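Report on the structure given below.
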Amino acid sequence: MIPQVFKEVIDLGDGREISIETGKLAKQAHGSVVVQSGKCMLLCTVVSNYQQSDVDFLPLTVDYREKFAASGRYPGGFFKREARPSDGEVLTMRLVDRVLRPLFPKDYHAETQVMVQLMSHDENVMPDAMAGLAASAAIQLSDIPFETPISEARVGRVNGEFIINPTRAQLLESDIDMMIGASADSVMMVEGEMNEISEEEMTEAIKFAHEAIKVQCAAQIKLAEAFGKKETREYEPESEDEELEKKIHDLTYDKVYAVARAASAKHERSAAFEAIKEEVKATFTEEELADYGGMVSKYFYKAEKKAVRDLTLNEGLRLDGRKTDEIRPIWCEVDYLPSTHGSSIFTRGETQALATVTLGTSREANQIDMPSFEGEERFYLHYNFPPFSTGEARPLRGTSRREVGHGNLAQRALKGMVPEDCPYTVRVVSEILESNGSSSMATVCAGTMALMDAGVQMKKPVSGIAMGLITDTETGKYAVLSDILGDEDHLGDMDFKVTGTADGITACQMDIKVKGLSYEILVKALKQARDGRLHILGKITDTIAKPNETVKDHAPTMVTRRIPNEFIGALIGPGGKVIQELQKETDTTIVINEDPITEEGIVEILGVGNKGIDAVLAKIDSLMFKPTVGNTYEVKVIKMLDFGAVVEYTEAPGNEVLLHVSELAWERTENVSDVVNMGDVFEVKYFGVDPKTRKEKVSRKAILPKPEGYVARPPRDNSRDSRGGGRDNRGRDNRGRDNRRDDRRPREDRKED
């Protein structure tokens with residue numbers, strides 16, 4: 001039976017289209033779609049259990065995977081099978097999750113899985129830009145409760161013109177790479193990197209993407225209606241008790257407000273809130289707590305949230321006593337770790353990051369091997385968030401999705417300020433030692449200082465700040481918060497992080513929880529963020545104003561030399577013998593790459609101190625040394641032969657040439673040692689390649705004065721007449737073969753004759 005297929009097509013306005021199709025694949029899933037643009041095809045499925053899980057949150061899993069078969073490739077590794085997700089796949093999962101999660105009902109706790117798979121790849125289509133569209137479309141075709149369709153779109157800008165879902169080639173020319181997630185009514189998520197753009201330009205890019213997203217949301221609704229919109233499933237909602245909610249609010253609101261207003265530290269404040277919660281619980285019997293203890297905790301959190309928000313909206317005060325635009329105290333230090341190539345500490349309030357920098361060759365580049373992209377990163381940043389940073393003990397289960405996401409944000413913030421001609425591969429590692437507020441922004445600040453401490457010639461220093469927003473839709477009041485605390489992140493309506501230089505934004509990440517946020521408020525928040533960034537930037541430059549001019553004494557120096565392609569083999573040697581011995585002798589690391597355009601060899605020499613590097617450069621100069629015909633050069637005897645001496649050019653050790661015995665002196669030379677000996681240094685004249693021997697010719701006698709009365713030997717006469725009549729006399733009739741045949745007889749036979 002041929003399945004009935006339903007399809008909607010979205011026109012991107014420049015000849016490209018995105019199609020959404022359902023009815024053919026994965027029909028046992030609660031919702032499934034195939035999203036296609038060009039040859040790129042994504043299959044997305046969604047399944048949600050009909051039983052509520054015994055948890056107080058939504059157990060949502062968003063999984064995005066790229067199949068290597070999609071691009072006609074084999075997976076790397078021994079087993080030749082896709083295994084753990086790459087960082088690129090994890091980042092796409094996070095982008096989709098952050099937009100979907102807020103739109104499920106707060107009391108919906110059923111296990112839910114959204115799975116997006118790249119089934120066919122097109123090098124001109126970036127699949128992550130369509131993952132959000134695929135996920136939302138699959139949900140729209142299911143009976144899963146979900147507030148409204150959403151979609152995501154990438155926006156770039158080339159030559160001042162915005163582009164929706166640009167190709168990877170277009171992104172190389174773009175000064176903006178932003179991913180926006182939104183419903184038809186509200187922007188919900190923004191993440192990306194920029195080339196020092198203004199707040200107004202960033203807002204215009206968001207608006208442009210939102211218009212495209214509105215079209216994609218409408219297409220999902222049309223597809224669901226054509227397919228047959230399912231009735232939303234019924235599920236058991238959380239129990240509510242308005243009387244209990246009011247009782248807990250009345251018991252706790254004023255007390256929580258007072259604690260919030262007391263401007264205490266994180267752990268002190270948490271202990272005070274916990275004490276209030278225990279007092280409330282003490283008013284209930286054990287039987288009552290057993291029946292609705294979970295509701296007590298939920299309503300206490302609700303009262304706590306309202307009290308903290310009201311404090312800020314009514315009095316302009318925050319949990320730690322700061323005003324809305326006030327930044328916590330900052331102290332910084334560089335060169336803290338004696339053995340690293342660069343290090344720094346950045347401490348802002350109760351958040352602390354220790355950053356290190358390591359310099360290496362292209363061999364240490366981070367290799368990216370995904371079906372949709374192959375390449376390498378010469379600058380990359382890793383972020384670690386250990387449990388002790390928040391005073392907790394929990395299992396260590398490898399790098400979390402959060403660590404991947406925060407590290408990527410900081411990397412995007414900094415990478416544009418690392419110069420293109422930086423010879424090193426640069427790895428930055430941020431260790432979060434304390435956390436109460438944005439540790440990713442602390443990573444940006446610490447990373448900037450560590451890079452400058454390492455002697456990386458950054459174009460400009462970068463700082464970052466995390467901002468928050470509290471709004472009251474009933475009164476219209478709102479407050480933009482600079483440098484938010486961890487609690488303010490949870491209690492607020494927007495969490496957005498902005499990084500940049502003194503001249504513009506380099507990266508951002510926003511999660512907007514309130515519907516219908518006006519662009520006016522967004523611009524105000526971004527400008528307040530700019531003031532905060534510049535304040536923090538001042539603290540950074542007070543600590544280290546500019547990059548150190550050189551790397552540290554114990555750090556490696558990198559020198560790059562280009563050599564013609566024909567010399568690469570000579571430098572490597574048979575089986576790598578020359579380069580391996582050279583590295584061992586000079587205590588350096590030598591990496592040779594080939595320029596894909598010019599086909600020149602790019603030689604990277606990494607070593608501590610100049611002695612070893614100079615020795616390698618001398619070897620390269622020696623290999624590339626080409627004497628000029630007619631010039632005189634100093635040479636040294638390195639080998640004695642019966643027919644001459646092997647000499648090497650003193651300015652190019654290892655570059656050897658034969659000095660023939662006939663070129664040692666004007667007089668006839670019987671023994672080479674009569675004129676020169678091992679280790680002798682003298683000058684010779686270079687004559688180029690001898691047409692007779694086809695070898696390079698040098699002469700010592702050519703620069704010596706001729707002896708008085710010297711008569712040159714007449715040249716050999718090679719004419720036929722001088723050799724007895726030429727070749728005719730060597731004919732068959734004159735060769736005396738009969739006599740020669742007799743000569744070959746045994747001696748005994750000849751005696752008898």
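It should be emphasised that the depicted structure is a prediction, and the values quoted were computed from it without experimental measurement.
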| request: Just do the salt bridge (Lys or Arg N to Asp or Glu O under 4.0 Å) check on Arg533 and Glu199 with the steps written out, would you? | output: CA-CA 13 Å; Arg533 278 196 295 109; Glu199 288 74 14; 3.4 Å; yes
| Stepwise side-chain contact (heavy atoms from CB on, under 4.5 Å) check, Leu414 with Met458 | CA-CA 9 Å; Leu414 293 171; Met458 291 187 71; 4.3 Å; yes
| query | Run the salt bridge (Lys or Arg N to Asp or Glu O under 4.0 Å) check on Arg401 and Asp97 step by step: do they pass? | reply | CA-CA 11 Å; Arg401 292 188 180 187; Asp97 186 296; 5.3 Å; no
| Please walk me through it: do Thr399 and Val90 pass side-chain contact (heavy atoms from CB on, under 4.5 Å)? | CA-CA 11 Å; Thr399 305; Val90 168; over 6 Å; no
| said: What verdict does the side-chain contact (heavy atoms from CB on, under 4.5 Å) test give for Asp453 and Ser344, after you've listed the backbone C-alpha separation in whole Å, the side-chain angles of each residue and the deciding distance to 0.1 Å? | reply: CA-CA 8 Å; Asp453 180 53; Ser344 71; 5.8 Å; no
| request: Dump the intermediate steps for side-chain contact (heavy atoms from CB on, under 4.5 Å) on Tyr424 and Val418, then the final yes or no. | output: CA-CA 10 Å; Tyr424 297 99; Val418 176; over 6 Å; no
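Each of Thr598, Ile597, Val603 was checked for a side-chain contact (heavy atoms from CB on, under 4.5 Å) with Glu600, and the lone residue meeting it is Thr598.
Using a 4.0 Å cut-off between charged nitrogen and carboxylate oxygen, Glu488 and Arg328 do not count as a salt-bridge pair. One finds a salt bridge joining Arg73 and Glu374 here, because a Lys/Arg side-chain nitrogen approaches an Asp/Glu carboxylate oxygen to under 4.0 Å. Looking at Arg318 and Asp483, no side-chain N of the basic residue comes within less than 4.0 Å of a carboxylate O on the acidic one, giving no salt bridge. Using a 4.0 Å cut-off between charged side-chain N and carboxylate O, Glu377 and Lys415 make no salt bridge. Ion pairing between Lys552 and Asp335 holds under the 4.0 Å rule for side-chain N and carboxylate O.
The minimum heavy-atom distance between Asp63 and Met93, with the atom names listed, is OD1-CE, 3.7 Å. Closest approach of Gly538 to Thr541, counting heavy atoms only: O-OG1, 3.2 Å. Residue Ala365 comes nearest to Arg378 through the heavy atom pair CB-CD, 3.8 Å, listed as atom of the first residue, atom of the second, then distance. Across all non-hydrogen atoms, the minimal contact from Ser372 to Leu118 is CB-CD2, 4.3 Å. In terms of heavy-atom proximity, Val190 sits nearest to Cys508 at CG1-SG, 3.8 Å. Annotation for Ser362 and Thr425: closest pair CA-OG1, 3.5 Å, computed over non-hydrogen atoms.
Remark: Lys67 NZ is packed, more than 12 non-hydrogen atoms of other residues, nucleotides or ligands lying under 6.0 Å away. Within a 6.0 Å sphere centred on CZ of Phe388, heavy atoms belonging to other residues, nucleotides or ligands number more than 12. The 12-atom threshold is exceeded at CG of Asp531, counting heavy atoms of other residues, nucleotides or ligands nearer than 6.0 Å. Atom NZ of Lys80 sits in a crowded spot, with more than 12 heavy atoms from other residues, nucleotides or ligands closer than 6.0 Å. Under a cut-off of 6.0 angstrom, the local environment of NZ in Lys460 is crowded, with over 12 non-hydrogen atoms contributed by other residues, nucleotides or ligands. Atom CD of Glu392 is surrounded by more than 12 heavy atoms from other residues, nucleotides or ligands within 6.0 Å. Within a 6.0 Å radius of CZ in Arg530, no more than 12 heavy atoms belonging to other residues, nucleotides or ligands are found. Crowding of Arg394 atom CZ: a count of heavy atoms from other residues, nucleotides or ligands under 6.0 Å exceeding 12.
Leu451 contributes atom CG, which lies 6.5 Å from atom OG1 of Thr448 (distance to the nearest 0.5 angstrom). Phe385 contributes atom CZ, which lies 11.0 Å from atom CG of Leu433 (distance to the nearest 0.5 angstrom). With rounding to the nearest 0.5 angstrom, the CG atom of Leu485 is 11.5 Å from the OG atom of Ser438. Separating the CG atom in Asn384 from the OG atom in Ser400 is a distance of 9.5 Å, to the nearest 0.5 Å. For the atom pair CG of Asp489 and NZ of Lys497, the computed distance is 6.0 Å after rounding to the nearest 0.5 Å. One distance of note links CZ of Arg101 with CZ of Phe57; it measures 8.5 Å at 0.5 Å rounding.
Between the side chain of Thr588 and the backbone N or O of Ile590, no donor-acceptor pair lies under 3.5 Å. Under a 3.5 Å cut-off, the side chain of Glu66 and the backbone N or O of Met370 do not form any donor-acceptor pair. Using modelled atom types, one side-chain atom of Ser343 and one backbone atom of Leu337 make a donor-acceptor pair closer than 3.5 Å. Here the side chain of Arg154 pairs no donor or acceptor atom with the backbone of Met178 at under 3.5 angstrom. Under the 3.5 Å distance criterion, the side-chain polar atoms of Arg98 are left unmatched by any main-chain donor or acceptor of Asp511. In terms of modelled atom types and a separation under 3.5 Å, the side chain of Thr650 and the main chain of Glu634 share a donor-acceptor contact. Within the 3.5 Å criterion, the main-chain N or O of Asp487 finds no donor-acceptor partner in the side chain of Lys266. Put simply, the side chain of Ser71 gets close to the backbone of Pro371: a donor and an acceptor are under 3.5 Å apart. A donor-acceptor pair is defined here as one N or O able to donate and one able to accept, closer than 3.5 Å; no such pair exists between the side chain of Tyr383 and the backbone of Ser439. Gln411 places a side-chain N or O within donor-acceptor distance of the main-chain N or O of Leu381, the cut-off being under 3.5 Å.
For the residue pair Glu434/Thr347, the side-chain donor-acceptor check at 3.5 Å is not satisfied. A side-chain donor from one of Thr499 and Thr506 sits under 3.5 Å from a side-chain acceptor of the other. Side-chain N/O atoms of Arg157 and Ser174 include no donor and acceptor closer than 3.5 Å. For the 3.5 Å distance criterion, the side chains of Thr92 and Glu89 fail to qualify, holding no donor opposite an acceptor.
For the pair Thr586 and Ile605, the minimum side-chain heavy-atom distance is 4.5 Å or more. In this structure the side chain of Arg562 reaches within 4.5 angstrom of the side chain of Asp595, judged on heavy atoms. Between Glu82 and Arg65, every side-chain heavy-atom pair lies at or beyond the 4.5 Å cut-off. Side-chain contact check for Met558 versus Leu359: every heavy-atom pair is 4.5 Å or farther apart. Contact of the Ser463 side chain with the Ile540 side chain is registered, since non-hydrogen atoms from C-beta on lie closer than 4.5 Å. Using a 4.5 Å heavy-atom threshold, the side chains of Gln583 and Thr589 count as touching. Using a 4.5 Å heavy-atom cutoff, the side chains of His406 and Met441 are not in contact. By the 4.5 Å heavy-atom criterion applied to side chains, Phe346 and Thr543 are not counted as neighbours.
Ring pair His382/Tyr380 is tilted by interplanar angle, where 30° to 60° counts as tilted.
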